[in-house]
A.B. asks: 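Quick one: the structure is below, and I'll ask about it shortly.
Numbers restart at 1 for each chain; the letters A, B, ... are given by sequence-line order, proteins then strands. In what follows, every heavy atom counts, from backbone to side chain, and hydrogens, waters and symmetry copies are set aside.
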4 protein chains.
Amino acid sequence: MAKEDKRNNIILAAMTLIAEQGFYGTSMSMIAEKAGVGIGTIYRYFENRDTLIRALYKEKEERLVAFLLENYPHGRPVRECFLHIGAGVIDYFIRNPLDFNYSEQFHNSPYGVEHRRNRIFAAADKPDIFSDIYERGAAQQVIRDLPPTVFFNLAFAPIVWTLRDHLLGFIHLDAALSQKLVESCWDSVKI
Amino acid sequence: MAKEDKRNNIILAAMTLIAEQGFYGTSMSMIAEKAGVGIGTIYRYFENRDTLIRALYKEKEERLVAFLLENYPHGRPVRECFLHIGAGVIDYFIRNPLDFNYSEQFHNSPYGVEHRRNRIFAAADKPDIFSDIYERGAAQQVIRDLPPTVFFNLAFAPIVWTLRDHLLGFIHLDAALSQKLVESCWDSVKI
Amino acid sequence: MAKEDKRNNIILAAMTLIAEQGFYGTSMSMIAEKAGVGIGTIYRYFENRDTLIRALYKEKEERLVAFLLENYPHGRPVRECFLHIGAGVIDYFIRNPLDFNYSEQFHNSPYGVEHRRNRIFAAADKPDIFSDIYERGAAQQVIRDLPPTVFFNLAFAPIVWTLRDHLLGFIHLDAALSQKLVESCWDSVKI
Amino acid sequence: MAKEDKRNNIILAAMTLIAEQGFYGTSMSMIAEKAGVGIGTIYRYFENRDTLIRALYKEKEERLVAFLLENYPHGRPVRECFLHIGAGVIDYFIRNPLDFNYSEQFHNSPYGVEHRRNRIFAAADKPDIFSDIYERGAAQQVIRDLPPTVFFNLAFAPIVWTLRDHLLGFIHLDAALSQKLVESCWDSVKI
DNA sequence: GATGAATGAGCGTTCATTCAT
DNA sequence: CATGAATGAACGCTCATTCAT
């Protein structure tokens with residue numbers, strides 16, 4: 001097994017198990033077994049459990065951000081950008097359910113709190129899509145006067161919860177419903 | 001100590017500890033000590049840890065429902081009922097932060113999934129406030145044509161997320177902001 | 001098995017194993033197995049490994065001091081007191097070889113350094129036999145002008161090393177040799 | 001890097017690390033890193049950890065013996081030879097504290113027992129300074145009638161213990177005190 | 001010969017659960 | 001009934017040793 005394969009196996013095993021069993025139901029030895037490597041091997045790639053968990057999240061977040069930035073309608077009206085992001089998040093997570101479940105576990109844990117201020121796609125050194133929308137929206141007075149945090153919650157909380165329901169099989173989130181959902185979110189923040 | 005007292009002490013101790021120390025930072029022996037009973041005694045009242053945790057949640061849920069039903073404006077317009085519930089949830093959890101904490105921990109654990117269908121205040125054998133709003137709203141065509149699940153998410157997900165941010169100290173959710181928030185939620189579901 | 005028996009079994013098992021295999025050759029599970037108890041049981045009696053190791057030493061030290069104080073010739077000439085202690089140490093450790101080996105392991109470990117200033121039988125809150133001899137000897141000018149530490153080493157180091165050789169079977173330390181040895185030590189510190 | 005260099009680097013790295021971090025705080029990978037070689041390489045020169053540790057000790061011992069033999073007053077009176085050795089040991093270890101540390105660690109470990117019979121400078125195939133003193137002293141009846149082991153202990157145990165106290169900072173062993181100490185040791189074995 | 005990635009037995013410790021009292 | 005001492009599987013992690021390159 002090549003070195004890169006090994007690392008990927010570990011990441012995949014960890015993601016799958018954590019998504020399925022939760023953070024506290026997933027032990028290092030379970031990850032090792034599922035990845036087909038020795039326990040000690042994990043520690044060659046990740047300093048410790050915490051590091052592994054954070055590295056997994058970072059990797060997933062970066063992929064999501066990259067996906068959202070593809071075809072991002074830079075400079076187009078705020079509403080269009082908002083709908084692009086909302087639809088993109090839904091699209092991405094429906095196609096990457098493991099990422100979604102992992103992300104949920106991550107945000108609902110001590111790791112999540114320390115990460116919360118940055119939100120899903122804010123990174124200190126990169127232009128930040130979310131801020132782009134919020135700030136342009138505020139400047140153009142097309143969105144309500146709300147703290148960014150609350151704006152963020154109105155924009156994404158229903159999407160996240162609905163994705164969860166979709167992935168658990170409680171509802172079917174097809175293209176039509178997806179569009180309705182994102183537009184509803186927009187209606188909650190637009191003036 | 002009477003039998004019912006013992007049970008209540010155990011529930012109160014468990015609730016407090018889990019809200020403060022987290023789900024996995026709370027051991028059975030900590031609960032026993034705080035409740036002033038022997039470890040073995042807990043197992044007379046609850047089959048095992050899982051059972052205790054679920055019983056705790058059930059109790060929380062019942063209290064919240066009872067609170068929301070106080071002064072519920074039965075028969076008044078759907079919008080008024082919606083705003084009553086939204087404001088009530090915020091009010092309740094700001095005044096009972098341990099309950100919020102416990103509830104969050106519960107929902108983000110393997111216990112959460114099995115409970116999700118019932119949602120915050122849906123209980124099979126009781127008249128259900130949420131259904132009242134959804135069904136009357138749909139019948140009167142004042143709310144959008146969305147599955148109840150999605151309606152629920154639009155209505156409450158931003159509130160829950162914002163409560164979390166408030167309790168973590170990221171924002172201050174005062175009366176004015178609370179009102180804005182609930183009205184925004186309404187705007188996302190109203191026609 | 002009675003509670004006190006269990007604690008004693010653990011102590012005896014730990015002492016024996018550490019004396020035989022050394023500190024780092026003795027694991028908690030080895031101790032548990034030899035003591036005939038579960039691993040977790042050790043932690044009911046001792047907070048952790050360090051505590052166990054220090055508690056063992058404390059107990060042994062107290063027994064030695066008690067033994068040396070039996071028949072201690074209080075107020076008799078310094079030389080007589082010195083010979084009493086020297087002979088007593090030899091006597092005690094020949095009859096309690098486990099204690100000797102454990103003590104050796106203890107003093108040659110990080111635990112030992114923190115304990116060194118107090119020396120074998122100095123305890124802050126008790127009248128201290130060693131200081132009695134050193135101070136009276138210095139006041140009466142029957143012992144040489146040496147720092148107490150060096151005095152201590154001259155007095156006891158040869159005894160300890162010779163005990164070790166005896167217990168390892170390299171020599172036979174009988175009453176006659178014991179007397180010669182202690183007198184030689186005295187000759188190295190007397191004026 | 002030449003083969004002999006590699007071996008020396010490994011020995012030096014191991015020595016330094018063990019003296020500084022302790023016997024059990026030094027891993028093979030730390031040694032490899034400090035020596036600038038691969039982990040596997042160590043196993044080309046030393047069968048395993050035990051072998052390495054014993055080889056280290058052998059080297060230390062040889063250096064000390066070589067130092068003590070420089071200027072050894074062959075043929076001079078026993079007392080003079082004794083004082084020369086005592087002062088030499090102190091001198092050497094004060095100037096090579098890592099060696100002292102390593103030696104102490106070695107003697108207080110399972111390795112120590114198997115090595116004890118040979119003592120600090122007894123080697124089966126070399127003329128042995130210690131035996132020179134003991135045998136001439138006995139023949140000339142200037143030292144007491146004691147087994148060589150006990151003679152050795154009286155002669156060196158106080159010195160070793162006092163060196164330890166000096167290196168730990170408990171006392172300051174200057175030239176004057178060093179002289180007093182060695183003379184005291186002599187007084188314990190002379191007739 | 002030299003390397004270091006890979007291994008897994010073993011470490012100290014925890015804690016849900018049992019059961020003799 | 002109530003208790004809490006006892007248990008041991010399981011945890012995250014380390015590190016001496018091996019072996020394919």
A.B. asks: Starting at atom CZ of D/F23, determine the distance to atom P of F/dC15, rounded to an integer number of angstrom.
C.D. replies: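 These atoms are roughly 15 Å apart.
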
A.B. asks: Looking at C/Y45, I'd like to know whether one of its side-chain N or O atoms comes within less than 4.0 Å of OP1 or OP2 on F/dA6.
C.D. replies: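 Yes, within the criterion.
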
A.B. asks: Could you pull out the closest heavy-atom pair between D/A55 and D/R7, with the gap in Å?
C.D. replies: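 Looks like CB-NH2, 4.4 Å.
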
A.B. asks: Roughly, in whole Å, what's the span from CD1 in D/I10 to P in F/dT17?
C.D. replies: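 Taking atom P of F/dT17 as the reference, CD1 of D/I10 is at 14 Å.
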
A.B. asks: Can you tell me how far P of E/dG10 sits from CE of C/M30, to the nearest Å?
C.D. replies: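 For the pair C/M30 CE and E/dG10 P, the rounded distance is 11 Å.
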
A.B. asks: Counting heavy atoms from C-beta on, name the nucleotide in F/dA6, E/dA2, F/dT17 closest to the side chain of C/T41.
C.D. replies: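 Nucleotide nearest to C/T41's side chain: F/dA6.
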
A.B. asks: By the definition side-chain contact (heavy atoms from CB on, under 4.5 Å), identify the one residue from D/L56, D/I10, D/I31 that meets it with D/F46.
C.D. replies: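 With D/F46 as partner, side-chain contact (heavy atoms from CB on, under 4.5 Å) holds for just one option, D/I10.
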
A.B. asks: Give the ring-plane orientation class for C/F106 versus C/Y57, where under 30° counts as parallel, over 60° as perpendicular and anything between as tilted.
C.D. replies: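 Aromatic pair C/F106/C/Y57 classed parallel.
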
A.B. asks: Would you say the side chain of B/V160 lies within less than 4.5 Å of the side chain of B/F100, judging by non-hydrogen atoms?
C.D. replies: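 Side chain of B/F100 against side chain of B/V160, heavy atoms only: contact under 4.5 Å found.
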
A.B. asks: Whole angstroms only, please: what is the CD-P distance between B/Q21 and E/dC15?
C.D. replies: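 Result: 12 Å.
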
A.B. asks: Considering all heavy atoms of both residues, which atom of C/Q105 and which atom of C/I18 are nearest to each other, and what is their separation?
C.D. replies: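 Looks like CG-O, 3.7 Å.
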
A.B. asks: If you measure from CG on A/N96 to CG on A/N101, what distance do you get to the nearest 0.5 Å?
C.D. replies: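 The CG atom of A/N96 sits 11.5 Å away from the CG atom of A/N101.
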
A.B. asks: Closer to the 5' end of DNA chain E via nearest nucleotide, is it A/I42 or D/I42?
C.D. replies: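 Whichever sits nearer the 5' end wins; that is D/I42.
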
A.B. asks: Quick check for you: among F/dG4, E/dT7, F/dT17, whose closest atom lies nearest to any side-chain atom of A/K6?
C.D. replies: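 Of the candidates, E/dT7 comes closest.
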
A.B. asks: Nearest whole angstrom, please: distance from the P of E/dA9 to the CE of C/M28.
C.D. replies: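 Rounding to the nearest Å, CE of C/M28 and P of E/dA9 are 22 Å apart.
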
A.B. asks: Are D/Y111 and D/F23 an aromatic pair by the rule of ring centers under 6.0 Å?
C.D. replies: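 Ring centres of D/F23 and D/Y111 closer than 6.0 Å.
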
A.B. asks: Does E/dC19 have OP1 or OP2 sitting under 4.0 Å from an N or O in the side chain of B/Y43?
C.D. replies: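 The answer is no; no side-chain N or O of B/Y43 sits under 4.0 Å from OP1 or OP2.
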
A.B. asks: Indicate whether OP1 or OP2 belonging to F/dC11 is found under 4.0 Å from a side-chain N or O atom of A/S27.
C.D. replies: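 Answer yes for this pair, as a side-chain N or O of A/S27 is under 4.0 Å from OP1 or OP2.
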
A.B. asks: Over how many whole Å does the gap from A/I53 atom CD1 to F/dC11 atom C1' extend?
C.D. replies: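 About 13 Å, once rounded to whole Å.
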
A.B. asks: According to a 3.5 Å limit on both distances, what stems of 3 or more consecutive Watson-Crick or G-U pairs are formed with DNA chain F?
C.D. replies: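 When the pairs of DNA chain F are grouped into runs of at least three, the stems are E:2-21 with F:2-21.
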
A.B. asks: Round to the nearest Å and state the distance from B/F46 atom CZ to E/dT17 atom C1'.
C.D. replies: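 Answer to the nearest Å: 16 Å.
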
A.B. asks: Can you measure A/R7 atom CZ to E/dA6 atom P for me and round it to whole angstrom units?
C.D. replies: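 Going from CZ in A/R7 over to P in E/dA6 covers 12 Å.
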
A.B. asks: Would you kindly compare D/R49 and A/N48 by the position of their nearest DNA chain F nucleotide and give the one closer to the 5′ end?
C.D. replies: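 Nearer the 5' end of the strand: A/N48.
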
A.B. asks: Which sits closer to the 5' end of DNA chain F, A/G40 or B/R44, going by the nucleotide each is nearest to?
C.D. replies: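 Nearest-nucleotide comparison on DNA chain F picks B/R44.
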
A.B. asks: How would you list all residue pairs meeting side chain to side chain donor-acceptor pair (under 3.5 Å) that involve residues 11-25 of chain B, not counting sequence neighbours?
C.D. replies: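 Checked against side chain to side chain donor-acceptor pair (under 3.5 Å) - neighbours excluded - no pair reaches residues 11-25 of chain B.
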
A.B. asks: Indicate whether OP1 or OP2 belonging to E/dA16 is found under 4.0 Å from a side-chain N or O atom of B/S29.
C.D. replies: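 For E/dA16, OP1/OP2 do not have a side-chain N/O of B/S29 under 4.0 Å.
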
A.B. asks: If you check every side-chain atom of D/I39, which of F/dA16, F/dT18, E/dT17 has the closest atom?
C.D. replies: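 The listed nucleotide nearest to D/I39's side chain is F/dT18.
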
